[in-house]
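Note sheet for the following structure.
Whatever order the structure lists ligands and atoms in, that order sets their numbers, starting from 1. Throughout, numbering of the chain's residues begins at 1 and tracks the sequence.
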Amino acid sequence: MQFKRSDFPAGFQFGAATSSYQIEGHAYGGAGKTHWDSFAATPGNVVRAENGDIGCDHYHLYEQDLDLVAAAGFDCYRFSTSWARVLPTGRGTPNPEGLDFYDRLTDAMLERGLKPCATLYHWELPSPLADLGGWRNRDIAGWFADFTETIMGRIGDRMYSVAPINEPWCVGWLSHFLGHHAPGLRDVRATARAMHHVLLAHGSAIQTMRGLGMENLGAVFNMEWATPVDQTPQATQAAALYDGYYNRFFLEGVFKGRYPDNVMEGLGPHMPDGWQDDFDTIGSQVDWCGINYYTRKMLAPNDGPWPGHHEVPGPLPKTQMGWEIYPQGLRDFLIRTAQEYTGELPLYVTENGMANDDHLVDDVVNDQARIDYLSSHVAAVKEAIAAGVPLRGYMVWSLMDNYEWALGYEKRFGLVHVDFETLRRTPKASYMALKSALSG
Ligand code: IFM
């Protein structure tokens, strides 16, 4: 790696991130069915119809996984809690095995000196709630607040930080407009409702945790830099709209109590009644803001219905996901977010990393491409700090290879290789390089 820990201000935190459905093994421990299980079981949605039943079997192997986090020299571990593991039908009676699991996991982090950084929801909605309309139903804010109370009532006393929802754009747009994630809808009315309700649920969970006396609560947004395909006003507008519904919608909702005009041109007619009255909840005070960053997109206008644009392939080198490698976007987002939205509030990079076509050869994975990707993005982070951004930490996605949603197990994002037949873990060259950087 072309950096070392001592390049960063004292107290700057490095972490590794994962999520429940992607690693735990949803078939274990009495978890209830989720909308991902039925989405994955429907032909055409997920590569080879793979699901998270086994994942990395982190449910049983969590101690060795946390040993790896600690041995790399990370300060924090960002994990998520599965709603359906805690409340198998989404509401009502908790699953004691699920609560016990997160209790053990928390203590195992603390025993290793790792700061537990929880995300309450990383995309596996309990099926009975999906049957009631899921994120389209306003009641989800209350259901989510109840789940928050149940899980944080058990482990909240030991959390370093908590964010309610990972990547609201994916919950709203990707899942209800593009249909790439569960529940796989392609409907603008469903999208408008989900985009709003996900923020309402976020704010309700923050209020619930404040009621439990918890501190260090945040929000985590994924961001993609939007570049116009050319300098025409139409292309510039197309990029601004992408930026609007991908990035600014959530920041404006939480930090400014409104939604961007260009987004409301399309979503406005489909919003749920009374949405304008929800910003007191949505804007509940947070203590930090997290940014998940991977890539940029190039946008071209078209004559289709709103939003009237499409992505075009960019010229930069790409990861295994086909995503352009564009570290400058991370620096620019950190600076823009601080300048336009969050001011002195601490920022974190809560996810950054790449999928690579990794192979285990003689017990070694030489993932130089990942070392280069991480080095260039950490350099961008340093530039943002030098520009005055109050950045407090950087977390790598992901600790280990895992279930990459609609792309199944084939895209490898891990610092640690996982053999999905034997479940054997092997640290890759990038893990070793990070370990050395973090000790320096
Ligand atoms: O694997 C996902 C994760 O669940 C959320 N952020 C992006 C990652 C890579 O696609």
Side-chain angles (χ1 to χ4, degrees), residues 15-26 34-36 39-40 45-47 50-52 55-56 58 65 77-84 117-125 163-175 178 180-182 198 202 218-225 246-247 250 289-297 311 318-326 329-330 333 348-358 367 369-370 373-374 377 394-418 420 430:
T18 63
S19 92
S20 43
Y21 192 82
Q22 291 178 274
I23 64 167
E24 284 175 359
H26 198 74
T34 79
H35 68 175
W36 258 98
F39 181 76
N45 285 340
V46 175
V47 170
E50 289 169 345
N51 59 36
C56 306
H58 176 74
D65 293 337
Y77 178 57
R78 178 171 178 257
F79 69 108
S80 76
T81 52
S82 163
W83 191 339
C117 300
T119 305
L120 288 163
Y121 179 79
H122 197 128
W123 307 350
E124 66 272 55
L125 187 71
I165 291 165
N166 187 61
E167 302 184 350
W169 178 84
C170 293
V171 177
W173 195 273
L174 187 69
S175 307
L178 299 178
H180 295 174
H181 278 188
V198 73
H202 155 85
V220 171
F221 306 115
N222 54 321
M223 298 189 188
E224 280 190 356
W225 198 261
Y246 205 115
N247 307 310
F250 305 100
C289 175
I291 295 176
N292 295 356
Y293 177 81
Y294 292 89
T295 190
R296 71 160 182 182
K297 289 285 159 57
E311 291 171 21
K318 300 184 179 58
T319 70
Q320 193 191 19
M321 299 288 277
W323 294 347
E324 284 189 292
I325 300 174
Y326 185 65
L330 178 55
F333 269 134
Y348 288 84
V349 176
T350 30
E351 283 183 26
N352 178 235
M354 74 176 286
N356 193 45
D357 186 17
D358 294 328
D367 57 339
R370 182 171 290 106
Y373 180 101
L374 294 175
H377 285 75
Y394 171 86
M395 302 191 195
V396 178
W397 183 271
S398 179
L399 171 65
M400 56 191 167
D401 296 336
N402 57 50
Y403 177 65
E404 179 53 25
W405 305 110
L407 301 171
Y409 291 94
E410 151 182 305
K411 306 292 183 207
R412 293 182 176 271
F413 270 94
L415 296 169
V416 174
H417 179 273
V418 176
F420 291 110
S430 57

I want to know if ligand 1 touches W397 in the polar sense, i.e. an N/O pair below 3.5 angstrom.
yes
Could you check whether any heavy atom of Y293 sits closer than 4.0 Å to an atom of ligand 1, since that is the contact criterion I want to use?
no
Can you list the ligand 1 atoms lying under 4.0 Å from a non-hydrogen atom of W123?
4 (O), 5 (C)
Would you check if there is a donor-acceptor pair between the side chains of S82 and E24 at a distance under 3.5 Å?
no
4.0 Å heavy-atom contact, N166 with ligand 1:
yes
Residue and atom name of the nearest protein heavy atom (relative to atom 2 (C) of ligand 1), distance in Å to one decimal:
E404 OE1, 3.6 Å
Is there a nitrogen or oxygen of W405 sitting under 3.5 Å from a nitrogen or oxygen of ligand 1?
yes
re atom 6 (N) of ligand 1, the protein heavy-atom contact at minimum distance is E351 OE1, 2.5 Å
Test F333 against every option in W225, Y246, Y326, Y294 by the ring pair (Phe, Tyr, Trp, His ring centres under 6.0 Å) rule and name the one that passes.
W225
Does D367 pair with R412 as a salt bridge, N-O distance under 4.0 Å?
no
Taking the ring of H35 and the ring of W123, is the distance between their centroids below 6.0 Å?
no
Looking at ligand 1, would H122 count as a contact under a 4.0 Å heavy-atom criterion?
yes
side-chain contact (heavy atoms from CB on, under 4.5 Å) against T119, all qualifying residues, sequence neighbours excluded:
R78, S80, N166
Does the N or O separation between E167 and ligand 1 drop below 3.5 Å for any pair?
yes
For ligand 1, indicate whether the residue W323 contacts it via side chain, backbone, both or neither (heavy-atom separation under 4.0 Å).
side chain
Top protein contact for atom 8 (C) of ligand 1, by heavy-atom distance:
Y294 OH, 3.5 Å
Are the side chains of W323 and M354 in touch, meaning some heavy atoms are under 4.5 Å apart?
no
Sequence neighbours excluded, which residues qualify as side-chain contact (heavy atoms from CB on, under 4.5 Å) partners of A118?
F79, M152, M159, V162
Sub-3.5 Å donor-acceptor pair from the side chain of Y121 to the main-chain atoms of A163, do we have one?
no
